[in-house]
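Each remark here refers to the structure printed beneath this line.
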Amino acid sequence: MTDQLSYIIELAGTVAFAMSGSFAAIQHRLDPFGVLIIAFATAVGGGTVRDLLLDVPVFWMKDNTTFIVILCAAILTMIFKSIEKNFKVTLFMFDTLGLGMFTVIGIEKAIYFGANPMIAITLGTITGCFGGVLRDILVNRIPLLLRREIYATACISGGVLYFLLQYATSLNQSLIHLFTVLLIVGIRLAAVKFSWHFKPVG
């Protein structure tokens with residue numbers, strides 16, 4: 001059941017990040033092929049870096065499912081964009097959802113391959129953040145990770161909660177996943193709504 005739940009979360013995260021990348025590409029007036037490239041980079045970037053660091057087969061090279069999901073998400077986004085006017089809000093929502101779900105997937109996979117909690121949280125953060133970093137670089141803007149916004153901090157907070165719930169409660173894995181994602185999404189939403197950010201150095 002846990003494996004099935006993780007697979008569902010991974011697919012949902014892939015859709016969210018693929019749509020996030022697609023909206024960013026459309027916002028920068030790329031052609032359909034460019035939209036697909038940005039969608040793919042956003043959806044698989046973090047997971048690819050995680051798998052390379054774990055020295056395991058890269059997840060999207062196992063079968064065609066990831067390609068099909070990203071292609072469908074990109075096409076749906078290009079269709080949806082004709083009625084969607086507020087790209088900024090839509091991009092933010094999909095990016096936030098992807099951030100939460102991919103952080104959980106990264107933590108789970110790191111644990112599966114024997115990582116301790118600190119390394120697992122680090123790899124979860126990488127999984128959640130690096131797709132967005134690639135997306136921003138490819139559309140020629142400063143990545144959110146490098147700005148003052150609360151971004152990686154939300155992933156780290158979610159990772160800490162994940163292990164607190166894992167070791168200090170008897171909650172089942174589904175609820176631990178849910179609460180972790182909700183905390184990450186909640187922190188991102190609150191940070192934007194209330195303008196939480198870190199002060200620049202210097």
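All residue numbers in this chain count up from 1 along the given sequence. Every value quoted in this text rests on a predicted model; they were computed, and no experiment measured them.
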Practice task
Report the C-alpha separation of Phe130 and Thr48 in whole Å, then their side-chain angles, then the decisive distance to 0.1 Å, and conclude whether the side chain to side chain contact (heavy atoms under 4.5 Å, CB included) test is met.
Solution key: CA-CA 9 Å; Phe130 270 64; Thr48 300; over 6 Å; no

Problem - Gap separating the CG atom of Leu30 from the CG atom of Leu138, nearest 0.5 angstrom - result: 9.0 Å

Practice task
Keeping the roles fixed (side chain from Thr125, backbone from Ile121), state whether a donor-acceptor pair exists under 3.5 Å.
Solution key: yes

Exercise for the section: Determine whether Phe67 and Val58 fall in the same hydrophobic cluster, where Ile, Leu, Val, Met, Phe, Trp and Tyr are linked whenever their side-chain heavy atoms lie under 4.5 Å apart. Expected result: yes

Exercise for the section: Is it possible for you to say whether Val181 and Leu189 belong to one hydrophobic cluster, with membership spreading through side-chain heavy-atom contacts below 4.5 Å? Expected result: yes

Practice task
Using the rule that two of Ile, Leu, Val, Met, Phe, Trp, Tyr join whenever any of their side-chain heavy atoms come within less than 4.5 Å, decide whether Ile137 and Tyr151 are in one cluster.
Solution key: yes

Practice task
Provide the closest heavy-atom pair for Ala110 versus Leu54 in the form atom of the first, atom of the second, distance.
Solution key: CA-CD1, 4.3 Å

Handout entry: Between CE on residue Met19 and CG on residue Asp95, distance to nearest 0.5 Å
Key = 13.5 Å

Practice task
Would you indicate whether the side-chain heavy atoms of Glu10 and Lys109 approach each other to under 4.5 Å?
Solution key: no

Exercise for the section: Write down the atom of Cys129, the atom of Ala152, and the distance for their closest heavy-atom approach. Expected result: SG-CA, 3.9 Å

Exercise for the section: Check whether more than 12 heavy atoms from other residues, nucleotides or ligands sit under 6.0 Å from atom CG of Asp63, and answer yes or no. Expected result: yes

Handout entry: Residue pair Pro57 / Asp51: nearest heavy atoms and the distance that separates them
Key = O-OD2, 3.6 Å

Problem - Minimum heavy-atom distance between Ala74 and Leu36, given as atom pair plus value - result: CB-CD1, 4.1 Å

Practice task
Determine, step by step, whether Thr66 and Val44 satisfy the side chain to side chain contact (heavy atoms under 4.5 Å, CB included) criterion, reporting the C-alpha distance in whole Å, the side-chain angles of both residues, the deciding distance to 0.1 Å, and the verdict.
Solution key: CA-CA 9 Å; Thr66 302; Val44 306; 3.9 Å; yes

Exercise for the section: Determine, step by step, whether Leu11 and Tyr7 satisfy the side chain to side chain contact (heavy atoms under 4.5 Å, CB included) criterion, reporting the C-alpha distance in whole Å, the side-chain angles of both residues, the deciding distance to 0.1 Å, and the verdict. Expected result: CA-CA 6 Å; Leu11 285 182; Tyr7 184 67; 3.5 Å; yes

Completion exercise
From the list Leu161, Thr153, Val160, side-chain contact (heavy atoms from CB on, under 4.5 Å) with Ser157 holds only for Thr153

Practice task
Could you tell me whether the side chain of Thr127 reaches within less than 4.5 Å of the side chain of Thr103, counting heavy atoms only?
Solution key: no

Problem - Verify same cluster id: Ile111, Tyr167 (apolar side-chain graph, 4.5 Å) - result: yes

Practice task
For Asp31, look at atom CG and say whether over 12 heavy atoms of other residues, nucleotides or ligands are found less than 6.0 Å away.
Solution key: yes

Handout entry: Nearest-0.5 Å distance that lies between atom CD1 in Ile70 and atom OG1 in Thr65
Key = 11.0 Å

Handout entry: Ile142, CD1 atom: more than 12 neighbouring heavy atoms under 6.0 Å
Key = no

Practice task
Check whether the ring centres of Phe94 and Phe17 lie less than 6.0 Å apart, and answer yes or no.
Solution key: no

Handout entry: Transitive ILVMFWY side-chain link Leu171 to Leu164, under 4.5 Å
Key = yes

Fill in the blank from the handout: Tightest non-hydrogen contact, residues Ser6 and Ile105, listed as O-CD1, 3.1 Å

Exercise for the section: Let me see the working for Leu134 and Thr42 under side chain to side chain contact (heavy atoms under 4.5 Å, CB included), right down to the final yes or no. Expected result: CA-CA 6 Å; Leu134 274 178; Thr42 308; over 6 Å; no

Problem - Pairwise distance CE(Met118) to CD1(Ile156) - rounded to 0.5 angstrom - result: 10.5 Å

Practice task
Please confirm whether the backbone N or O of Ile150 pairs with a side-chain atom of Arg188, one donor and one acceptor, at under 3.5 Å?
Solution key: yes

Handout entry: Heavy atoms of other groups near Phe113 CZ, more than 12 under 6.0 Å
Key = yes

Practice task
If the plane angle is over 60° it's perpendicular, under 30° parallel, otherwise tilted; pick one for His177 and Tyr162.
Solution key: parallel

Problem - Which atom of Ala120 lies closest to which atom of Ala115, heavy atoms considered - result: N-CB, 4.1 Å

Practice task
May I ask you to check if Arg50 and Phe102 form a cation-pi contact, with NZ or CZ under 6.0 angstrom from the six-membered ring centre and within 45° of the axis?
Solution key: no

